[in-house]
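Take a look at the structure set out below.
Hydrogens, waters and symmetry mates are skipped; everything else that's a heavy atom, side chains included, is used.
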Amino acid sequence: MVRTRTEIVPNVLPRAFYNRPTLTVARALLGKVLVHRTPEGVASGMIVETEAYIGEDDPACHAAPGPTRRNAPLYGRPGMAYVYLNYGVHYLVNAVTEAEGRPAAVLIRALEPLDGIELMLKRRGLPLRTSASVPRASICRGPGNLSRALGISLSENLLDLTSGQLTMEDRGFRVTRVSRGPRIGIRVAVERPWRFWIGGHPAVSGGRIRA
DNA sequence: CGTTCGATGCACT
DNA sequence: GTGCATCGAACGT
């Protein structure tokens, strides 16, 4: 039968993908695609930057104080979404990793926009076409920005990333030049090199582009 | 270029 | 009451 462009089999990442050491998952998520389907349309982007937050022994992880109402998703099944409000302004998206009862997650920090660029521009309140002043790479640069562009908020907390409206997919993008360094924007455990990004990619956050 | 700082909501102690 | 896994505007150099 004829296969059209819109009939591409969505290769959604299975739960086993997340049921692994968090650093492994953080690295493996580079090049994968985060997809959000809403009545407004589909918005997606290729992951170009991640950070690992691992266990109660990691002072920067939300699980550091032990189980609370807010961090409960971290103690649950791998492959679920953990979304929370940060600074009262931004929603941050994580994928829960490791195993049930072992609190850890990967924060998605930046995407290269793929589907639904106009919808994402609209959600971000940007001009409806990219330009020199509003480059495509800026649409989903930074964890707060990508959530807003994809329309992700607290309603998406605890969604199953292995099926349904919010998923992670493998579209076959090959990632070379993986860089690794300290996490950004935290005030404790700043030395742990648990941030991963695609070296030189323009959508990576954190000021100047790093190798 | 660089750095500083206010906005803004809520979980947690 | 305190402190954020941020962002972007407003400054200073």
Testing C:dA5, C:dC4, B:dT13 for proximity to the side chain of A:Tyr87, the answer is C:dC4
*Under 6.0 Å between the ring centres of A:His62 and A:Tyr53?*
no
Here the distance between atom P of C:dA5 and atom CD1 of A:Ile54, to the nearest Å, is 16 Å
B:dG6 -> Watson-Crick or G-U wobble partner, both distances under 3.5 Å, gives C:dC7
query: Checking all strands, does A:Leu85 fall into the base, sugar-phosphate, or nothing category for heavy-atom contacts under 4.0 angstrom?
result: sugar-phosphate
A:Val89 has its side chain closest, among B:dA11, B:dT8, C:dA5, to B:dT8
Discussion item. What's A:Arg70 touching, base or sugar-phosphate or nothing? Going by heavy atoms closer than 4.0 Å.
Written reply: sugar-phosphate
Rounded to whole Å, the CG-P distance (A:Asn71 to C:dG3) equals 19 Å
Quick one: is B:dT8 close enough that its OP1 or OP2 comes under 4.0 Å of any side-chain N or O from A:His90? no
Residues A:Lys32 and A:Glu169 bridged, charged N to O under 4.0 Å: no
When rounded to whole Å, the CG to C1' distance for the pair A:Asn145 and C:dT6 reads 8 Å
Separation between CZ (A:Arg171) and CG (A:Asn11), nearest 0.5 Å, reads 10.5 Å
Could you state whether A:Leu92 and A:Val35 fall into the same hydrophobic cluster, counting links through intermediate Ile, Leu, Val, Met, Phe, Trp or Tyr residues with side-chain heavy atoms under 4.5 angstrom apart?
-> no
Item to check | Phosphate-side-chain proximity, A:Asn86 and B:dC10, N/O vs OP1/OP2 below 4.0 Å | outcome: no
*asked:* Using OP1 and OP2 only, check whether a side-chain N or O of A:Arg187 sits under 4.0 Å from C:dC4.
replied: yes
A:Leu154 CG to B:dT8 C1', in whole Å, measures 14 Å
C1'-based separation of B:dC10 from C:dG8 [nearest Å]:
22 Å
Would you say a side-chain N or O of A:Arg141 is under 4.0 Å from OP1 or OP2 of C:dC7?
no
> What nucleic acid atoms does A:Asn94 come within less than 4.0 Å of, heavy atoms only: base, sugar-phosphate, or nothing?
Replying inline: base
To the nearest angstrom, the CZ-C1' distance between A:Arg69 and B:dG9 comes to 14 Å
Fill in: Any A:Arg124 side-chain nitrogen or oxygen under 4.0 Å from OP1 or OP2 of C:dG8
yes
A:Tyr91 OH to C:dA5 C1', in whole Å, measures 16 Å
note: A:Phe196, atom CZ; C:dA5, atom C1'; distance rounded to Å ~ 16 Å
Can you tell whether the side chains of A:Arg183 and A:Glu51 come within less than 4.0 Å, N to carboxylate O?
no
Separation between the P atoms of B:dT8 and C:dA10, rounded to whole Å
14 Å
Whole-Å distance, A:Glu51 CD to C:dT6 C1', equals 12 Å
When rounded to the nearest 0.5 Å, the distance separating CG of A:Asn19 from OG1 of A:Thr97 is 9.0 Å
